[in-house]
Every structure is written in structure tokens, then in C-alpha cells.
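Here's the structure, in C-alpha cells; my notes come after.
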Amino acid sequence: MRIPTEIIQSLNEQLNRELYAEYFYMAIAGYFFEKELRGFAHFFLRQSQEEKEHAMRLFNYLVEKGVPFTPLPIEAPSKNYASPLGCFEAAYEYEQRVTLTYYNLLKKVREMGEYDVEEFLWWYIREQREEESLMQSWVDQLKLAGEDAAAILLLDQKAGKGEKD
Ligand code: FEO
């Protein structure tokens, strides 16, 4: 069955949000490399790579459905971040916004009886739960660390080893 144009547009916008997330996390990784916090930098590079995979999953679904690909512009993320905590707060906030966009789309496809798209979207709903939980956990840990440089360095090492992600 063909996907309605309105849903195709929404899926393409989700793809764009995933590509923005890839770029956004790359920008945050750049900030951490500048600060010599290489563990956090590698954490965000891994997240960036995951976001690319999320975009590709959408791309492949659209291709499978015979939808011509329409590229959209990708917004430039900020390169100015106030602190490690500020980076994770920005990432957590973005993930929550993305979750809401998936919820809104899921609601729409249900109302339209687009069950194949609905089934496809559930993967993203579960993924968003994991990503929000991950970012929230780092926000909480960095809040506990506060201004304590030794504690931040310890968290940086932990992030570099892939612990808690
Ligand atoms: Fe793929 Fe973090 O949204």
C-alpha cells in the first residue's frame, strides 16, 4: 500500500531530525575535544553514529516503500556550550523534543489507519525511551559532580569506556 503524502513528509522530517542529531552530537564532541575531555567526546561521537543509523533506517524504509527521496536542509548546531552539564542538558532536551515528534506522528498514523507505518515507528518509540534515559542519567551524574574537577574527570573516563551508554 502507498503511504499518504502527508505521512511521507512527516517521515522525511523525522529523517532530517535524526541527521540534525548526528550533526548536533558531532558539534558537542568537538566542544569536548577542545576541552580535552576525550571520554565525553567519544561518547558523543558514538551517539552521533547512532543517529546516522536512525536516519538510515528511515531512508531504507522510504526506499522500500518506493518513495523518491527528497533531501531537506540540515540546520547548523551551535558550537558554544557552557559546560559538560550544559551539553548533556541540551542533548536531553533535544531527545525529549524528538520523542514528542514521534508521538505526534504515531497518533496521526493510527488515526489514518496506516498500520505498517505504525509498526515501523514503534522501534523509534522504544529507542527514544533508551536515549532519554541515557542522557538523563548523565545529567544527574554531572549535577552530582558539580564544580568538582576530579569528579568530572572520573565521569569523563567512564563515558570514554562506554559505561552507562
Ligand atoms: Fe535518534 Fe536520539 O534520536
Side-chain angles (χ1 to χ4, degrees), residues 3 6-33 37-65 67 69-110 114 116-143 155-156 158-165:
I3 310 176
E6 182 188 346
I7 301 299
I8 290 172
Q9 276 172 4
S10 298
L11 288 169
N12 204 23
E13 284 163 12
Q14 294 307 116
L15 192 161
N16 188 263
R17 289 186 179 101
E18 300 290 358
L19 286 178
Y20 173 78
E22 178 195 6
Y23 209 16
F24 178 31
Y25 292 162
M26 201 182 283
I28 295 180
Y31 163 87
F32 279 120
F33 277 121
L37 291 166
R38 302 176 85 83
F40 287 134
H42 285 288
F43 169 89
F44 274 99
L45 285 184
R46 287 196 299 276
Q47 292 309 117
S48 176
Q49 187 56 39
E50 272 196 29
E51 299 299 352
K52 173 68 180 287
E53 288 162 16
H54 300 170
M56 285 310 297
R57 186 178 274 261
L58 278 150
F59 178 83
N60 290 333
Y61 181 71
L62 291 170
V63 167
E64 191 185 335
K65 289 288 178 181
V67 176
F69 180 55
T70 309
L72 301 173
I74 304 166
E75 197 189 321
S78 169
K79 67 183 286 288
N80 301 312
Y81 300 96
S83 63
L85 175 60
C87 291
F88 278 93
E89 282 179 330
Y92 180 40
E93 201 260 334
Y94 186 70
E95 291 297 342
Q96 291 176 88
R97 274 171 38 210
V98 170
T99 299
L100 269 185
T101 63
Y102 277 112
Y103 285 176
N104 290 337
L105 181 53
L106 185 64
K107 184 167 182 278
K108 194 174 1 173
V109 299
R110 274 194 165 179
E114 290 295 325
D116 189 79
V117 185
E118 176 181 338
E119 195 273 334
F120 171 74
L121 288 176
W122 274 109
W123 184 89
Y124 286 89
I125 302 289
R126 286 189 286 273
E127 185 66 18
Q128 285 306 120
R129 185 198 305 149
E130 278 179 24
E131 298 216 319
E132 278 193 30
S133 163
L134 176 66
M135 293 303 179
Q136 186 181 20
S137 161
W138 280 109
V139 165
D140 291 346
Q141 291 177 75
L142 281 160
K143 278 184 179 165
L155 290 177
D156 176 61
K158 185 175 153 183
K161 286 185 203 147
E163 291 173 17
K164 198 72 200 89
D165 75 358

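Just so we're clear, the structure is a prediction, and the values are computed from it rather than from any experiment. All residue numbers in this chain count up from 1 along the given sequence. Remember, it's 1-based here, ligands and their atoms both numbered in the order they're listed. Only this structure's heavy atoms are used, side chains among them; waters, hydrogens and symmetry mates stay out.
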Going through the distances and angles, do Tyr94 and Tyr25 end up as a ring pair (Phe, Tyr, Trp, His ring centres under 6.0 Å)? CA-CA 11 Å; Tyr94 186 70; Tyr25 292 162; 7.1 Å; no
Which N, O or S atom name in Glu18 marks its closest approach to atom 1 (Fe) of ligand 1?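 For Glu18, the N/O/S atom sitting closest to atom 1 (Fe) of ligand 1 is OE1.
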What atom name does the N, O or S atom of His54 nearest to atom 1 (Fe) of ligand 1 carry?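 This residue's closest N, O or S atom turns out to be ND1.
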Taking N, O or S atoms only and a limit of 2.8 Å, check whether [X] reaches atom 2 (Fe) of ligand 1.
X	answer
Glu131	yes
Glu51	yes
Glu95	yes

Establish, yes or no, whether the cationic atom of Lys158 lies under 6.0 Å from the six-membered ring centre of Trp138 and within 45° of the ring axis.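 Yes - Lys158 lies over the ring of Trp138, closer than 6.0 Å to its centre and within 45° of its axis.
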With rounding to the nearest 0.5 Å, note down the distance linking CG in Leu15 to CZ in Arg57.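 Answer for the CG-CZ pair, Leu15 versus Arg57, is 12.5 Å.
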Look at Lys52 together with Glu18 and state whether they make a salt bridge at an N to O cut-off of under 4.0 Å.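 Between Glu18 and Lys52 there is no salt bridge, as every charged N stays at least 4.0 Å from the carboxylate O atoms.
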Can we say Arg126 and Glu130 salt-bridge, meaning some charged N sits less than 4.0 Å from an Asp/Glu carboxylate O?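 A salt bridge is absent here (no side-chain N lies under 4.0 Å from a carboxylate O).
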